[in-house]
> 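I'd like to ask you about the structure that follows.
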Amino acid sequence: MNTVLIGKRGQLGTELERALSGKGGKVYAFDHQELDITDYQHTNDVLTRIRPDIVINTSAYHVLSECETHPEQAFLVNAIALKNLAVTCRDNKIKLVTYSTDYVFDGAKGKPYTEYDCPNPLQLYGLSKLAGEFICFNYNPDSIVIRTCGVYGGQKGSRQKGGNFVLTILEESRHKTTIDVSTEQIVSPTHAGDLAQCTVALVEQYSARGIYHLVNEGYCSWYEFAKELITLNKLSIRIRPIDRKGVFSGIKRPLFSALTNTRAKSEGIIMPSWQDGLKRYLWYITKK
Ligand SMILES: NC(=O)c1ccc[n+]([C@@H]2O[C@H](COP(=O)([O-])OP(=O)(O)OC[C@H]3O[C@@H](n4cnc5c(N)ncnc54)[C@H](OP(=O)(O)O)[C@@H]3O)[C@@H](O)[C@H]2O)c1
């Protein structure tokens, strides 16, 4: 099983390269500079030259405020470029795997969302990712779109996002005594390592296609997640609960966007709990 991995320096890309490397097939991993999915000709040249069995696309334009100010770029990377990937993969019999987000939902359900729930994004980022889902399946019904939530991974986190939630709390705990963390947003924070392992398990099932949710099991507020983090790392910083009513920097976020892995579970793919994912990530980033 030969794989082309797009976005190898991202949180998920780093973990996918690791997860795929023990699997026997060849992994052709590209960073943003080496393969930009908005450069269609180059992308097609690479894919038709390598002719892998699978393409895993981890790329995204996903800083919420930048999606609002640069909607053309958000739609280009998160949606329009997927047409080219979907068509090229379809025409060359390559399985396409790409990622979407819990932000396709509005949070009104108040319970974890399954793959069968109806999306209703509240901001440009979610809209562009939902458009990407539709484009993928419209041009290549055999694609896999994996929706995930609150991803953290790698030593440095996401370059675009300037890290991740865990690294931010650890960094702030070095020079602050108190930090404010929101209580109102309920999420399923997900360790990129677990997401990568289960992505690989999913693509190994030849028949997998359509939308899958893959998040660490369970859900919590960002406040509860931060409390667990400081307990596990024995930090002395105080976490102050605040309620931003889902609006931060003028951008609406779903109040309840936890996901449930209904399809993956029914196919025997089990994600560990969010507490377990966090424990292993803390061990990984503090062991060096
Ligand atoms: N992070 C989260 O909390 C979260 C939540 C839900 C869903 N997701 C989805 O999960 C996936 C992986 O997220 P992540 O946290 O691993 O993101 P990440 O750490 O920011 O990694 C994304 C990678 O894609 C690269 N990239 C960006 N634009 C590209 C383009 N046009 N062509 C090729 N590569 C490009 C980035 O390179 P540069 O850094 O150089 O731009 C980066 O290496 C994304 O689809 C994201 O939407 C993430």
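Counting starts at 1 for both ligands and their atoms, in listed order. Just so it is clear, the structure is predicted and the values come from calculations on it, not from any experiment.
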> Output yes when the distance from some N or O of ligand 1 to some N or O of Q11 is under 3.5 Å, and no in every other case.
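Yes, there is a polar N/O contact under 3.5 Å.
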
> Checking T183 side chain against I242 main chain: does a donor-acceptor pair fall under 3.5 Å?
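Side chain of T183 to backbone of I242: a pair is present.
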
> Atom OH of residue position Y219 - does it have more than 12 heavy atoms of other residues, nucleotides or ligands inside 6.0 Å?
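For Y219, atom OH is not crowded (no more than 12 foreign heavy atoms under 6.0 Å).
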
> Which ligand 1 atoms are under 4.0 Å away from a heavy-atom of Q160?
27 (C), 41 (O)

> So is T101 polar-close to ligand 1, meaning N/O to N/O under 3.5 Å?
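No; the residue has no nitrogen or oxygen that sits under 3.5 Å from a nitrogen or oxygen of the ligand.
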
> To check your reading of the model: name the closest protein heavy atom to atom 10 (O) of ligand 1, its residue, and the distance in Å.
Y99 CB, 3.8 Å

> So, 4.0 Å and heavy atoms of Q33: is ligand 1 close enough to count as a contact?
no

> Any atoms of ligand 1 less than 4.0 Å from a non-hydrogen atom of D36? List them with their elements.
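Atoms satisfying the 4.0 Å criterion: 30 (C), 31 (N), 32 (N), 33 (C).
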
> Taking atom 8 (N) of ligand 1 as the point of reference, which of T190, L195, V104, T148 owns the nearest heavy atom?
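The nearest heavy atom belongs to T148.
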
> Salt-bridged, D194 to R280, with N to O below 4.0 Å?
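The answer is yes: the pair qualifies as a salt bridge.
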
> Is it the side chain, the backbone, both or neither of N78 that has a heavy atom closer than 4.0 Å to ligand 1?
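Neither; no heavy atom under 4.0 Å.
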
> Taking only heavy atoms of R9, which atoms of ligand 1 are found under 4.0 Å from at least one of them?
43 (O)

> In terms of residue, atom name and distance, what is the protein heavy atom nearest to atom 24 (O) of ligand 1?
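For atom 24 (O) of ligand 1, the nearest protein heavy atom is S59 CA, 3.2 Å.
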
> Starting from atom 14 (P) of ligand 1, what is the nearest protein heavy atom, named by residue and atom, and what distance separates them?
H62 CE1, 4.0 Å

> Is there any N or O on Y125 that sits under 3.5 Å from an N or O of ligand 1?
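Y125 vs ligand 1: N/O contact under 3.5 Å present.
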
> T58 heavy atoms, cut-off 4.0 Å: which ligand 1 atoms fall inside?
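Within the 4.0 Å cut-off of T58, ligand 1 contributes 11 (C), 12 (C), 22 (C), 44 (C), 45 (O).
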
> Does at least one non-hydrogen atom of A192 fall below 4.0 angstrom from an atom of ligand 1?
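Distance cut 4.0 Å: A192 fails for ligand 1.
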
> How long is the span from the CD atom in E217 to the CD1 atom in I270, to the nearest 0.5 Å?
7.0 Å

> Do I144 and L130 belong to the same hydrophobic cluster, where Ile, Leu, Val, Met, Phe, Trp and Tyr are linked whenever their side-chain heavy atoms lie under 4.5 Å apart, directly or via other members?
no

> Looking only at side chains, do T88 and N44 share a donor and an acceptor under 3.5 Å apart?
yes

> For F75, does the CZ atom sit with more than 12 other heavy atoms under 6.0 Å from it, leaving out its own atoms?
yes

> Can you tell me which portion of R147 lies within the under-4.0 Å heavy-atom range of ligand 1? Options are side chain, backbone, both, or neither.
neither

> Is any N or O atom of I6, backbone or side chain, closer than 3.5 Å to an N or O atom of ligand 1?
no

> With L82 as reference, evaluate N138, N140, T98 under the side chain to side chain contact (heavy atoms under 4.5 Å, CB included) test and give the passing residue.
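Going through the options one by one, the only one that passes is T98.
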
> Could you check whether any side-chain N or O of E267 sits under 3.5 Å from a backbone N or O of A264, counting only pairs where one atom can act as donor and the other as acceptor?
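No, the answer is negative, given that no donor and acceptor are paired below the 3.5 Å cut-off.
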
> Any N/O of V77 closer than 3.5 Å to an N/O of ligand 1?
no

> S158 heavy atoms, cut-off 4.0 Å: which ligand 1 atoms fall inside?
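Going through ligand 1 atom by atom, the ones under 4.0 Å from S158 are 18 (P), 19 (O), 20 (O).
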
> Work out whether the distance between some heavy atom of K129 and some atom of ligand 1 is less than 4.0 Å.
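True for this residue.
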
> Salt-bridge test for E204 and K23: reply yes if a basic N is under 4.0 Å from a carboxylate O, no otherwise.
yes

> Could you tell me, atom by atom, which parts of ligand 1 come under 4.0 Å of a heavy atom of R159?
38 (P), 39 (O), 40 (O), 41 (O)

> Between Y281 and N164, is any side-chain donor less than 3.5 angstrom from a side-chain acceptor?
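There is such a pair between these side chains.
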
> Pick, from G157, A60, A81, the option with the minimum heavy-atom distance to atom 46 (C) of ligand 1.
A60

> Scan side-chain atoms only and decide if T199 and Y99 contain a donor-acceptor pair under the 3.5 Å cut-off.
yes

> For a quick check under 3.5 Å, do Y223 and E184 share a side-chain donor-acceptor pair by atom type?
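E184 and Y223 do not have a side-chain donor-acceptor pair below 3.5 Å.
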
> Check whether any N or O atom of I37, backbone or side chain, sits under 3.5 Å from an N or O atom of ligand 1, and answer yes or no.
yes

> Taking only heavy atoms of S100, which atoms of ligand 1 are found under 4.0 Å from at least one of them?
7 (C)

> To the nearest 0.1 Å, how far is atom 21 (O) of ligand 1 from its closest protein heavy atom, and which atom is that?
G10 CA, 3.3 Å

> Ligand 1 versus F165, non-hydrogen atoms closer than 4.0 Å: side chain, backbone, both, neither?
neither

> Quick test of your reading of the structure: of E34, K8, H32, whose heavy atom lies closest to atom 41 (O) of ligand 1?
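Heavy atom nearest to atom 41 (O) of ligand 1 belongs to H32.
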
> Report, in ascending order of atom number, the atoms of ligand 1 lying under 4.0 Å from any heavy atom of G150.
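In order of number, 3 (O), 5 (C).
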
> Could you check atom 16 (O) of ligand 1 against the protein and tell me its nearest heavy-atom contact, residue, atom and distance included?
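It is L12 N, 2.9 Å.
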
> Would you call R147-E133 a salt bridge at under 4.0 Å N-O?
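Between E133 and R147 there is a salt bridge, with a charged N closer than 4.0 Å to a carboxylate O.
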
> Looking only at heavy atoms, which two atoms of T58 and G7 are closest? And how far apart?
OG1-O, 3.2 Å

> Please list the nearest protein heavy atom to atom 33 (C) of ligand 1 with its residue and the distance rounded to 0.1 Å.
L35 O, 3.1 Å

> Hey, do the aromatic rings of F225 and Y152 have their centres closer than 6.0 Å?
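Distance test on ring centres: under 6.0 Å, yes.
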
> Can we say D117 and K109 salt-bridge, meaning some charged N sits less than 4.0 Å from an Asp/Glu carboxylate O?
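Yes, D117 and K109 are salt-bridged.
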
> Just to confirm my output: which protein heavy-atom neighbour is closest to atom 4 (C) of ligand 1, and how far is it?
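Scanning the protein heavy atoms, the shortest distance from atom 4 (C) of ligand 1 goes to V151 CG2, 3.6 Å.
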
